[in-house]
Amino acid sequence: MHILVTGGAGYIGSHTVLELLQAKHEVVVLDNLSNSSALSLERVEQITDRQALFLEGDIRDRALLDRIFSAHEIDAVVHFAGLKAVGESVQQPLMYYDNNVSGSITLCQAMAAAGVFRLVFSSSATVYGDPDTMPIAETCPTGQPTNPYGRSKLMIENILRDLAAADPRWSIALLRYFNPAGAHPSGLIGESPHGQPNNLIPYISQVAIGRLQQLSVYGDDYPTRDGTGVRDYIHVVDLAQGHLAALDAIVRVPGIHTWNLGTGTGYTVLEMIAAFEQASGRPVPYAIAPRRAGDIAECWSDPGKAHRELGWRAVLGLHDMMTDAWRWQSQNPQGYEDEPAN
Ligand code: NAD
Ligand code: UD1
């Protein structure tokens, strides 16, 4: 198929472009590089010996989208483009709603005008809010995300549901990611956050490499086995492969579908630190700090629906995630900033 990947230069996008190319799809990437580097796609080419067509631009640029859809026979869109920093979304909500929500609306308008109705959307477990019971299945009602970023994801899900209800030509996958982690085993592509990382694994990695002094563990008084927060970390390569399975499924079965992409297993922050130390052979100094506003105690998936309906499940474990995260970090201490872009 010919696939347009928005946000394809980013962390999850670049890993998915790699899998799409390896599966012999033709790929066009649209990314404004607001949180990424085109070097990721050069590295993907190095690994796969195949090339995605890269177009630098914004999903809110309707004229550009129209040009892309008329120049390429696009069969489906995988839509990663979006802003994702929770704290920044609290400071700059309009920027988040404009980029994520308006951007998605513009994309869908351009798709409909071009007669392209297959869409895979990057949603998040954040749409469940703070559920009462674990694990979280797709039947769990969506809750109250605690920040504008999370609300933007829920708004887009609702818009896409309305769209699918209004027009049966749409075939949409809402993929609710749990906590993506790790990197491609080549060590050539990985997560390269701009500025100080917010998420646990990039923070741990930067402490281990010496870029940051110590990790703050946000709270050790949660009702969990060691008091620290529990999350369902999923290897980014498993996650990327989930997108290919979802694409196959929406070709087969039109309508709107929701799938959790997680492993079904939760780990605490202290377990993550220990696993990273073991995989890297480096100490990760940490201090217990107060809880972070908006955090929940625990969150892990029931991934059964994706397994039953997509034939997909995560196969890589915690050790793979940590080994691959460390290989990426140690080979690219400054991320993509190590190498000047052409
Ligand atoms: P990322 O920042 O690495 O990738 C997003 C990409 O989109 C970047 O390359 C960025 O430059 C691009 N982009 C942003 N706004 C754009 C715009 N208006 N036009 C064109 N390109 C634009 O983030 P990621 O971790 O790869 O996340 C991908 C998607 O998955 C995002 O939508 C994110 O919200 C969602 N998600 C991520 C996580 C996570 O923990 N990483 C969890 C749940 C959901
Ligand atoms: C966060 C976002 C969520 C978003 C997801 C992926 C919040 C409240 N939630 O999820 O909306 O979809 O990222 O981008 O920000 N931790 C530490 N020290 C750190 C960093 C994290 O102890 O320096 C702990 C957290 O308290 C949590 C766990 O590690 O228990 C994972 O945190 P993180 O990687 O930020 O992901 P989430 O909070 O699950």
Side-chain angles (χ1 to χ4, degrees), residues 10-23 40 43-44 47-48 78 80 120 122-125 134-136 173 175-193 197 199-205 208 229-249 259-282 284 298-332 335:
Y11 172 47
I12 307 168
S14 58
H15 287 80
T16 304
V17 168
L18 186 155
E19 297 293 331
L20 288 167
L21 290 172
Q22 284 184 331
S40 62
R43 301 272 182 94
V44 166
I47 299 165
T48 60
V78 184
F80 294 101
V120 176
S122 299
S123 188
S124 166
M134 292 292 146
I136 307 173
L175 301 184
R176 294 178 176 162
Y177 309 158
F178 282 67
N179 288 59
H184 190 262
S186 62
L188 288 172
I189 58 171
E191 187 167 15
S192 181
N199 297 116
L200 181 64
I201 314 267
Y203 208 105
I204 291 182
S205 307
V230 171
R231 297 289 184 277
D232 181 342
Y233 298 91
I234 172 169
H235 197 297
V236 65
V237 171
D238 278 331
L239 187 65
Q241 290 170 354
H243 290 72
L244 274 71
L247 264 175
D248 279 352
W259 289 296
N260 283 343
L261 296 185
T263 66
T265 304
Y267 293 102
T268 70
V269 177
L270 296 183
E271 288 165 351
M272 296 300 283
I273 296 171
F276 195 92
E277 286 179 328
Q278 207 219 344
S280 67
R282 295 273 183 113
V284 178
E298 51 185 16
C299 173
W300 74 90
S301 67
D302 174 347
K305 183 169 184 267
H307 188 219
R308 287 190 303 277
E309 296 180 2
L310 303 179
W312 168 92
R313 75 166 136 205
V315 294
L316 299 168
L318 185 58
H319 187 72
D320 303 299
M321 282 179 235
M322 296 315 207
T323 308
D324 293 334
W326 177 243
R327 187 181 299 107
W328 158 251
Q329 181 69 63
S330 51
Q331 290 181 13
N332 308 270

With a 4.5 Å limit on heavy-atom distance, are the side chains of [X] and [Y] in contact?
X: Leu239; Y: His15; value: no
X: Ile201; Y: Met322; value: yes
X: Tyr177; Y: Ser123; value: no
X: Pro202; Y: Asn199; value: yes
X: Glu309; Y: Trp259; value: yes
X: Tyr233; Y: Met272; value: yes
X: Phe178; Y: Leu261; value: no

Output yes when a side-chain donor or acceptor of [X] lies under 3.5 Å from a complementary backbone atom of [Y], and no otherwise.
X: Trp328; Y: Glu191; value: yes
X: Arg176; Y: Ser124; value: no
X: Asp302; Y: Pro135; value: no
X: Asn260; Y: Gly262; value: no
X: Arg327; Y: Pro185; value: yes
X: Asp324; Y: Gly182; value: no
X: Glu19; Y: Gln241; value: no
X: Arg282; Y: Ala208; value: yes
X: Asp232; Y: Gly264; value: yes
X: His235; Y: Ala314; value: no

State the [atom1]-[atom2] distance between [X] and [Y], to the nearest 0.5 angstrom.
X: Thr16; Y: Leu247; atom1: OG1; atom2: CG; result: 9.5 Å
X: Glu271; Y: Thr265; atom1: CD; atom2: OG1; result: 11.0 Å
X: Arg231; Y: Tyr267; atom1: CZ; atom2: OH; result: 15.5 Å
X: Ile234; Y: Ile12; atom1: CD1; atom2: CD1; result: 9.5 Å
X: Ile204; Y: Glu277; atom1: CD1; atom2: CD; result: 8.5 Å
X: Ser205; Y: Asn332; atom1: OG; atom2: CG; result: 11.5 Å

Test ring-ring contact (aromatic ring centres under 6.0 Å, His included) applied to His319 and Phe276, step by step: CA-CA 8 Å; His319 187 72; Phe276 195 92; over 10 Å; no
Taking all heavy atoms of [X] and all of [Y], pick out the closest pair and write down the distance.
X: Gly335; Y: Ser192; result: CA-OG, 3.5 Å
X: Ala23; Y: Leu244; result: CB-CD2, 3.7 Å
X: Val269; Y: Leu200; result: CG1-CD1, 4.0 Å
X: Ser122; Y: Phe80; result: OG-CD2, 3.1 Å
X: Tyr11; Y: Ala181; result: OH-C, 3.1 Å
X: Pro197; Y: Tyr203; result: O-CD1, 3.3 Å

Residue that, paired with His243, satisfies side-chain contact (heavy atoms from CB on, under 4.5 Å) out of Leu175, Asp248, Leu20: Leu175
Stepwise side-chain contact (heavy atoms from CB on, under 4.5 Å) check, Val237 with His184: CA-CA 6 Å; Val237 171; His184 190 262; 4.3 Å; yes
Chi angles and distances behind the side-chain contact (heavy atoms from CB on, under 4.5 Å) call for Ser301, Ile136: CA-CA 5 Å; Ser301 67; Ile136 307 173; 5.6 Å; no
